[in-house]
Amino acid sequence: MRHLLLWLTLITLFCLSDNVLAKENPKVRFVTTDGDLVIELYPNLAPKTVENFLFYVNERRYNHTIFHRVIEGFVVQGGGYKDGMKEIDVEDEIELEADNGLLNERGTIAMARHSKPDSATSQFYFNMRHNANLDPSALRPGYTVFGKVVEGLETLDFISIVETINAGKWQDIPKYPVILIKAEVVQ
């Protein structure tokens, strides 16, 4: 009986410690005018990028922004503007973490940036196909992939085929705004 109790105690401790160590990746739900989607983030592979993205989510800065660049078969980009192309308030630029083993494959989310590698702030994009030209290589720094869509890829598929226009310096803007109503952490 004593051995059985010791055995059960060890099994219980092992299961408890396993659950504590097996922390799940955070997930963020996007509620858009064209449907919802859920993104799983990878803080173990892109810690600074995930921290930055979650900051914008938790500060509600992505709420009521638009997807301002939509190119069918390429990307759906958002996180930088409200309707009327009004820029949101952004924080400091973050360090590029593109060399983390994640590729710009269909359904992944990555940080948009300027030509300087360490220039990402709030803007992100979803890959609508494998965009190998956005992956890091010996010739280019690439873009930081930090998560993937785990629910609602059909929402992105729908957004990716909306009619777009060019207006002034802006290209590939949806003719009718596609709005990110709310972004929230769900796990």
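What you see below is based on every heavy atom in this structure, not just the backbone, and it leaves out hydrogens, waters and symmetry mates.
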* To do: Let me see the working for R113 and Q123 under side chain to side chain contact (heavy atoms under 4.5 Å, CB included), right down to the final yes or no.
  => CA-CA 7 Å; R113 61 173 175 75; Q123 291 188 39; over 6 Å; no
If you compare all heavy atoms of [X] against all heavy atoms of [Y], which two are closest, and at what distance to 0.1 Å?
{"X": "Y56", "Y": "T121", "value": "CE1-O, 3.5 Å"}
{"X": "I173", "Y": "A167", "value": "CD1-CB, 4.4 Å"}
{"X": "M128", "Y": "R106", "value": "O-NH1, 3.5 Å"}
{"X": "A112", "Y": "Q77", "value": "CB-NE2, 3.6 Å"}
{"X": "M111", "Y": "A120", "value": "CB-CB, 3.9 Å"}
{"X": "P136", "Y": "P141", "value": "CB-O, 3.2 Å"}

Would you confirm whether [X], through its side chain, and [Y], through its main-chain N or O, come within 3.5 Å as a donor-acceptor pair?
{"X": "S119", "Y": "H114", "result": "yes"}
{"X": "T164", "Y": "P174", "result": "no"}
{"X": "R29", "Y": "V185", "result": "no"}
{"X": "D135", "Y": "L103", "result": "no"}
{"X": "R140", "Y": "N133", "result": "yes"}
{"X": "S122", "Y": "G79", "result": "yes"}
{"X": "N52", "Y": "I94", "result": "no"}

* To do: Just do the side chain to side chain contact (heavy atoms under 4.5 Å, CB included) check on L102 and T144 with the steps written out, would you?
  => CA-CA 8 Å; L102 297 172; T144 303; over 6 Å; no
* Is the gap between the ring centers of F124 and Y62 under 6.0 Å? ->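 Close enough - the centres of the two rings lie under 6.0 Å apart.
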Establish whether [X] and [Y] are linked, either directly or via other cluster members, by ILVMFWY side-chain heavy-atom contacts under 4.5 Å.
{"X": "V76", "Y": "I88", "answer": "yes"}
{"X": "V90", "Y": "V57", "answer": "yes"}
{"X": "V178", "Y": "I66", "answer": "no"}
{"X": "F30", "Y": "V75", "answer": "no"}
{"X": "L180", "Y": "V38", "answer": "no"}

Euclidean distance, [Y] [atom2] relative to [X] [atom1], rounded to 0.5 Å:
{"X": "F158", "Y": "D34", "atom1": "CZ", "atom2": "CG", "value": "5.0 Å"}
{"X": "F146", "Y": "E97", "atom1": "CZ", "atom2": "CD", "value": "10.5 Å"}
{"X": "I179", "Y": "T65", "atom1": "CD1", "atom2": "OG1", "value": "9.0 Å"}

Within a strict 4.5 Å, meaning less than it, do heavy atoms of the [X] and [Y] side chains meet?
{"X": "V70", "Y": "I159", "answer": "yes"}
{"X": "E93", "Y": "K116", "answer": "yes"}
{"X": "I181", "Y": "T32", "answer": "no"}

* With sequence neighbours excluded, residues passing salt bridge (charged side-chain N to carboxylate O under 4.0 Å, His left out) with K182 ->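 For K182 the salt bridge (charged side-chain N to carboxylate O under 4.0 Å, His left out) partners, ignoring immediate neighbours, are E184.
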* salt bridge (charged side-chain N to carboxylate O under 4.0 Å, His left out) partners of R129, counting only residues at least two apart ->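 For R129 there are no salt bridge (charged side-chain N to carboxylate O under 4.0 Å, His left out) partners, ignoring immediate neighbours.
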For [X], I'd like to know if atom [atom1] has over 12 heavy atoms of other residues, nucleotides or ligands within 6.0 Å.
{"X": "K27", "atom1": "NZ", "result": "yes"}
{"X": "F55", "atom1": "CZ", "result": "yes"}
{"X": "H130", "atom1": "NE2", "result": "yes"}
{"X": "F74", "atom1": "CZ", "result": "yes"}
{"X": "D118", "atom1": "CG", "result": "yes"}

* Measure the acute angle between the ring planes of F67 and F126, then classify it against the limits of 30° and 60° as parallel, tilted or perpendicular. =>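 It falls in the tilted class, 30° to 60°.
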Regarding [X] and [Y], do their side chains bring together a donor and an acceptor under 3.5 Å, going by distance alone?
{"X": "T108", "Y": "N127", "value": "yes"}
{"X": "E40", "Y": "N25", "value": "yes"}
{"X": "Y125", "Y": "N104", "value": "yes"}

* To do: Can you run down the salt bridge (Lys or Arg N to Asp or Glu O under 4.0 Å) pairs that involve residues 64-89, sequence neighbours left out, and say none if there aren't any?
  =>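 Every candidate salt bridge (Lys or Arg N to Asp or Glu O under 4.0 Å) pair involving residues 64-89 fails, so no pair, neighbours aside, qualifies.
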* State whether E95 and K48 are salt-bridged, where the test is any N-O pair (Lys NZ or Arg NE/NH1/NH2 against Asp/Glu carboxylate O) under 4.0 Å. =>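 K48 and E95: salt-bridged.
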* Full working for side chain to side chain contact (heavy atoms under 4.5 Å, CB included) between L41 and F53 -> CA-CA 9 Å; L41 307 176; F53 181 77; 3.8 Å; yes
* To do: Test side chain to side chain contact (heavy atoms under 4.5 Å, CB included) on V186 and V28 and set out the steps.
  => CA-CA 6 Å; V186 292; V28 172; over 6 Å; no
* Residue among I109, L153, V149 satisfying side-chain contact (heavy atoms from CB on, under 4.5 Å) with L37 ->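 Option passing the side-chain contact (heavy atoms from CB on, under 4.5 Å) with L37: V149.
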